[in-house]
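Both backbone and side-chain heavy atoms feed into the values below; hydrogens, waters and symmetry mates do not. All chains are named by letter (A, B, ...) in the order of the sequence lines, taking the proteins before the strands, and each is independently numbered beginning at 1.
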4 protein chains.
Amino acid sequence: MSEEETTGIPGGEIRSFVERIQRLEEEKKTISDDIKDVYGEAKSRGFDVKILKKLISILKQDKNERDEQETLLDLYLNAYQGEQ
Amino acid sequence: MSEEETTGIPGGEIRSFVERIQRLEEEKKTISDDIKDVYGEAKSRGFDVKILKKLISILKQDKNERDEQETLLDLYLNAYQGEQ
Amino acid sequence: MSEEETTGIPGGEIRSFVERIQRLEEEKKTISDDIKDVYGEAKSRGFDVKILKKLISILKQDKNERDEQETLLDLYLNAYQGEQ
Amino acid sequence: MSEEETTGIPGGEIRSFVERIQRLEEEKKTISDDIKDVYGEAKSRGFDVKILKKLISILKQDKNERDEQETLLDLYLNAYQGEQ
DNA sequence: CACTGGAAAATGCCGC
DNA sequence: GCGGCATTTTCCAGTG
């Protein structure tokens with residue numbers, strides 16, 4: 001009998017999910033490390049990492065906000081059309 | 001002997017901290033409930049709560065962003081003065 | 001003509017709701033900050049904040065359970081009295 | 001004159017760092033989304049996502065511990081060989 | 001009543 | 001080792 005038939009637990013499927021996620025998390029970690037490296041490089045080029053981070057976070061917020069406003073507009077439009 | 005002398009554990013002080021926090025959390029919960037009530041009232045007046053929430057969250061983001069930019073400006077100023 | 005009559009949009013009422021909610025959220029934030037302060041104070045008095053939080057959450061659990069049991073008791077009582 | 005010579009601010013270099021980081025953060029986000037997708041898929045296959053996450057975090061813990069032990073072993077080995 | 005999205009809390013991580 | 005910051009996890013109301 002196979003493992004699954006024996007235990008009733010689809011171990012192979014779980015293992016497959018686990019491995020896929022572990023692999024993705026590794027990739028994610030690699031990128032996080034890359035980001036750290038870039039900050040380190042910027043620092044060694046004389047930039048203030050704290051300021052750089054703040055700047056990037058503000059740029060990100062700008063983008064988020066534009067997205068949010070689009071969402072709000074969509075909501076308005078839907079509400080309006082819903083009342084027709 | 002007092003409890004503390006007996007056990008070596010400053011129970012009174014812990015208790016005091018616990019009670020202060022519990023009291024604050026109750027107040028916080030009261031306010032959360034008040035907020036829910038206001039949304040409920042708005043809804044009963046015909047407003048779309050989802051839109052209202054989104055609107056308020058955008059207004060909050062605007063404020064956060066302004067604050068962040070001030071923070072960035074402060075950082076710039078400090079960095080600049082630091083180099084004098 | 002009033003703004004509302006002009007635009008057909010009840011801006012004053014929205015604004016009022018928005019402001020009420022913003023005000024409440026500020027109060028809520030103040031209290032959250034107070035809580036953080038108390039934890040900070042406890043920490044500076046030598047307590048382990050993580051453990052303190054666990055303790056408080058357990059006490060809250062207990063309270064919820066007791067409340068539930070009271071609710072249950074009420075239900076039983078009502079059911080019992082309803083059958084008299 | 002170049003922008004940098006004009007303003008005294010090395011804008012091109014900053015911009016380059018900002019863009020590199022933004023690009024990496026986008027990649028990171030893509031992977032995070034992929035991970036979410038996999039969890040979603042697992043869920044739709046009947047798995048309990050919360051438990052799956054716990055499992056993966058425990059496996060990661062184990063791996064860290066094993067890594068630490070390897071590091072420790074390396075230290076011992078080096079110390080031992082250093083004394084030869 | 002399960003699912004989704006969003007708020008709050010907890011945890012972990014990084015640089016100083 | 002600590003404080004601040006990002007991420008993760010948990011919780012909860014609303015929705016279909």
Side-chain angles (χ1 to χ4, degrees), chain A residues 21 24-25 28-29 31-33 35-40 42-44 47-54 56-58 60-61 64 67-68 71-72 74-75 78 82, chain B residues 21 24-25 28-29 31-40 42-43 47-58 60-61 64 68 71 75, chain C residues 21 24-25 28-29 31-33 35-41 43-44 46-58 60-61 64, chain D residues 21 24-25 28-29 31-33 35-37 39-44 46-58 60-61 64:
Chain A
I21 288 167
L24 287 167
E25 288 192 342
K28 200 172 135 190
K29 175 148 195 356
I31 295 182
S32 293
D33 292 344
I35 291 173
K36 254 171 244 147
D37 289 345
V38 176
Y39 277 117
K43 180 174 192 172
S44 75
F47 292 102
D48 182 319
V49 172
K50 198 170 168 188
I51 291 180
L52 197 49
K53 279 191 179 171
K54 184 59 82 177
I56 286 169
S57 93
I58 287 176
K60 197 198 293 180
Q61 279 198 30
N64 285 341
D67 290 349
E68 290 270 280
T71 305
L72 183 60
D74 284 347
L75 286 172
N78 287 330
Chain B
I21 288 168
L24 287 167
E25 288 192 341
K28 202 171 128 188
K29 175 150 195 354
I31 296 182
S32 293
D33 291 344
D34 288 349
I35 291 173
K36 257 173 240 147
D37 287 347
V38 176
Y39 278 117
K43 181 175 194 172
F47 293 103
D48 182 318
V49 171
K50 199 171 167 185
I51 290 179
L52 196 49
K53 280 190 177 170
K54 183 59 81 177
L55 176 59
I56 286 169
S57 92
I58 287 177
K60 197 197 292 180
Q61 280 197 29
N64 285 341
E68 290 268 282
T71 305
L75 287 172
Chain C
I21 289 168
L24 287 167
E25 289 191 341
K28 204 171 124 185
K29 177 156 194 347
I31 295 183
S32 293
D33 291 344
I35 292 174
K36 271 189 212 111
D37 288 346
V38 176
Y39 277 118
E41 197 185 327
K43 178 174 195 170
S44 75
F47 293 101
D48 182 318
V49 171
K50 198 172 167 183
I51 291 178
L52 196 49
K53 278 187 182 175
K54 262 276 174 280
L55 172 60
I56 287 170
S57 92
I58 288 171
K60 199 197 289 182
Q61 290 262 75
N64 287 339
Chain D
I21 289 169
L24 287 167
E25 289 192 341
K28 200 172 131 187
K29 179 160 192 341
I31 295 183
S32 292
D33 291 344
I35 292 174
K36 270 187 212 115
D37 288 346
Y39 277 118
E41 197 184 327
K43 179 175 195 172
S44 76
F47 293 103
D48 182 317
V49 172
K50 198 173 169 182
I51 291 177
L52 196 48
K53 282 187 180 174
K54 262 276 174 280
L55 172 60
I56 286 170
S57 91
I58 287 171
K60 199 197 291 180
Q61 290 263 77
N64 287 339

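In this structure, the CD atom of E68(A) is 9 Å from the P atom of dA7(E), given to the nearest Å. Look at CD on E25(B): it is 11 Å from C1' on dA8(E), rounded to the nearest Å. At whole-Å resolution of the value, CD1 in I31(C) and C1' in dA8(E) are 15 Å apart. What separates CD1 of I58(B) from P of dA7(E) is a distance of 12 Å, to the nearest Å. The CD1-C1' distance, from I51(B) to dG14(F), rounds to 15 Å in whole Å. In this entry the distance linking CZ of F47(B) with P of dG14(F) reads 18 Å, nearest Å. With rounding to whole Å, I56(D) atom CD1 is found 19 Å from dT7(F) atom P. Between L24(A) atom CG and dT7(F) atom C1' the separation is 17 Å, expressed in whole Å.
K53(A) is linked by a salt bridge (charged side-chain N to carboxylate O under 4.0 Å, His left out) to nothing, counting only residues two or more places apart in sequence or in another chain.
Within the 4.0 angstrom heavy-atom criterion, only backbone atoms of the sugar-phosphate kind lie near K28(D); the bases stay farther away.
Within the model, atoms NZ of K54(B) and CG of D48(B) stand 12.0 Å from one another, a figure rounded to the nearest 0.5 Å.
In terms of position along DNA chain F, the nucleotide closest to K54(D) lies nearer the 5' end than the nucleotide closest to the other residue of the pair K36(B) and K54(D). Nearest-nucleotide positions on DNA chain F for K53(A) and K43(C) put K43(C) closer to the 5' end.
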Stepwise side chain to side chain donor-acceptor pair (under 3.5 Å) check, E68(A) with Q61(B):
CA-CA 10 Å; E68(A) 290 270 280; Q61(B) 280 197 29; 3.2 Å; yes
Test side chain to side chain contact (heavy atoms under 4.5 Å, CB included) applied to L55(B) and F47(B), step by step:
CA-CA 12 Å; L55(B) 176 59; F47(B) 293 103; over 6 Å; no
